[in-house]
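The block underneath contains the structure these notes are about, expressed in structure tokens.
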Amino acid sequence: MSISHKFAIAFTLALLPALAAAQAYPERPIRVILSVPAGATPDVTARLVTPGLSRLLGQQLVVDNRPGAGGLIGAEITSKAAPDGYTLFISSPGALTILPHLRKSIPYDTLRDFAPISLISIGPFVLITHPSVPAKNIKELIDLAKAQPGKLNYASAGNGVANHLAMELFKQMAGVDIVHVPYKGAPQAVSDVLAGHMNMMFNSVAPIVSHIKAGRVRVLGIASAKRSQQLPDTPTISESGVPGFEAENWFGMFAPAKTPKRIITRLNEALVRVVRAPETQAQFAALGADVVGSSPEEFAAYVRRDMEKYAKIVKFSGAKID
């Protein structure tokens with residue numbers, strides 16, 4: 001046997017453990033961290049995609065809700081987790097592309113400490129009010145707020161999250177003064193709007209569409225360029241007196257930085273297959289969101305653009321962490 005043949009055999013044998021490991025992943029349950037409480041939109045999103053991922057990967061994906069600090073807690077846990085594919089993170093913009101512009105310091109770097117896997121979905125916010133608020137549309141709300149500056153209030157899912165910044169942008173563009181009251185998550189905020197303790201809030205369609213249809217809250221406008229199929233009679237805010245206003249929410253999956261590329265690829269292929277399945281697309285459409293299913297590279301570019309966008313919006317709106 002020639003030296004070259006011996007070298008080839010030795011090289012192949014050396015690769016076998018790595019190849020076996022690649023084929024074996026995952027070998028145990030995978031933790032999926034969410035920086036929101038149960039019932040919030042990212043939680044709804046996670047519970048739509050994790051069952052399919054569990055089937056494709058052959059291991060259970062366990063949702064681990066870690067709410068608080070505008071998403072910072074869950075993001076920090078993920079950023080410091082072992083990069084072995086057994087800790088994942090499903091996030092919206094708040095913790096990753098908004099907080100870095102609102103806080104003087106955060107314990108992670110979005111572009112350095114996270115490995116994007118795929119953009120899952122994108123959906124618009126809607127502006128809802130308690131029925132006791134004497135405004136039936138966006139124009140009436142703006143007139144009411146201007147007549148009573150600082151008297152109306154709005155709830156958010158926490159300082160620095162996307163629906164906080166959406167309202168701050170609305171306030172700036174509409175020229176109104178509405179007081180911010182942050183909560184530890186969207187479910188608590190929605191509950192207080194339903195109870196009449198808070199006047200209004202921006203929220204994703206999914207958790208509140210049943211309340212809208214039941215008349216427990218009033219929807220004034222949708223923050224997208226076009227009307228929603230789920231709420232076809234609801235005008236966009238842009239067409240209702242605040243031209244150019246848009247505020248959409250996205251959801252995507254990340255792993256800690258330095259997670260091996262083979263694992264990122266495996267997760268991406270499985271996630272894209274799940275979200276692009278017709279039944280999944282139908283489920284998301286019913287919740288007012290469009291599925292995406294991007295490559296890791298496409299999602300990384302999207303996150304960079306989103307950070308640049310929110311840097312401008314934060315400066316433009318003057319939003320600050322209390």
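None of the values given here were measured: they were computed from a predicted structure.
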Parallel, tilted or perpendicular, judged at 30° and 60°: which one describes the rings of Phe254 and Phe299? tilted
For the pair Val190 and Asn203, evaluate side-chain contact (heavy atoms from CB on, under 4.5 Å) and give the outcome as yes or no after the intermediate values. CA-CA 8 Å; Val190 170; Asn203 206 67; 4.1 Å; yes
Heavy atoms, side chains only, cut-off 4.5 Å: are [X] and [Y] in contact?
X	Y	value
Leu271	Leu267	no
Val179	Leu152	no
Met198	Val181	yes
Pro100	Ile106	yes
Ser204	Phe125	yes
Gln188	Pro37	yes
Thr110	Met307	yes
Val193	Met200	no

Would you say the rings of Tyr86 and Tyr25 are close, in the sense that their centroids are separated by under 6.0 Å? yes
So, for Tyr154 and Phe202, is the gap between ring centers shorter than 6.0 Å? no
I need the [X] [atom1] to [Y] [atom2] distance, nearest 0.5 Å.
X	Y	atom1	atom2	result
Leu72	Tyr108	CG	OH	4.5 Å
Ile117	Ile263	CD1	CD1	9.5 Å
Asp177	Lys151	CG	NZ	10.5 Å
Gln148	Asp143	CD	CG	11.5 Å
His101	Leu165	NE2	CG	9.5 Å
Asn137	Leu127	CG	CG	11.0 Å

Locate the shortest heavy-atom distance separating [X] from [Y]; write the atom from each residue and the value.
X	Y	result
Gly244	Ser238	N-OG, 2.9 Å
Leu220	Thr234	C-CG2, 4.4 Å
Gly52	Val274	C-CG2, 3.6 Å
Ser224	Glu248	CB-OE2, 3.8 Å
Ser156	Asn159	OG-N, 4.4 Å
Ala189	Ala155	CB-CB, 3.8 Å

Between Leu53 and Met253, is a side-chain contact (heavy atoms from CB on, under 4.5 Å) present by the stated rule, with each step listed? CA-CA 12 Å; Leu53 282 173; Met253 179 177 282; 3.8 Å; yes
Has [X] got a side-chain atom pairing as donor or acceptor with [Y]'s backbone, closer than 3.5 angstrom?
X	Y	value
Asn268	Ile264	no
Thr236	Arg227	no
Lys171	Ile178	yes
Glu140	Lys136	yes
Thr50	Ala46	yes
Arg218	Pro131	yes
Glu27	Ala24	no
Gln281	Arg276	yes
Thr78	Gly74	yes

[X]-[Y] co-clustered via ILVMFWY side chain contacts under 4.5 Å:
X	Y	result
Leu48	Ile30	yes
Val176	Met201	no
Met167	Leu144	yes
Phe89	Leu111	yes
Leu56	Phe284	yes

Looking at Glu308 and Lys315, does any basic side-chain N land under 4.0 Å from a carboxylate oxygen? no
salt_bridge(Lys258, Asp84) N-O dist < 4.0 Å: no
Could you check Ile122 against Asn249 for side-chain contact (heavy atoms from CB on, under 4.5 Å), going step by step and ending with a plain yes or no? CA-CA 6 Å; Ile122 299 175; Asn249 212 12; over 6 Å; no
Side chains of Asp192 and Tyr183: any donor to acceptor distance under 3.5 Å? yes
State, without any angle test, whether Asp306 and Thr97 hold a side-chain donor-acceptor pair at a distance under 3.5 Å. yes
Can Glu297 and Lys261 be said to form a salt bridge (charged side-chain N to carboxylate O under 4.0 Å, His left out), step by step? CA-CA 12 Å; Glu297 294 77 17; Lys261 182 174 176 57; 3.8 Å; yes
Worked verdict on Lys80 versus Glu76 for salt bridge (charged side-chain N to carboxylate O under 4.0 Å, His left out): CA-CA 6 Å; Lys80 295 179 178 178; Glu76 182 180 9; 2.8 Å; yes
Decide yes or no on side-chain contact (heavy atoms from CB on, under 4.5 Å) for Ser79 and Phe114, but give the supporting numbers first. CA-CA 6 Å; Ser79 70; Phe114 297 88; 3.8 Å; yes
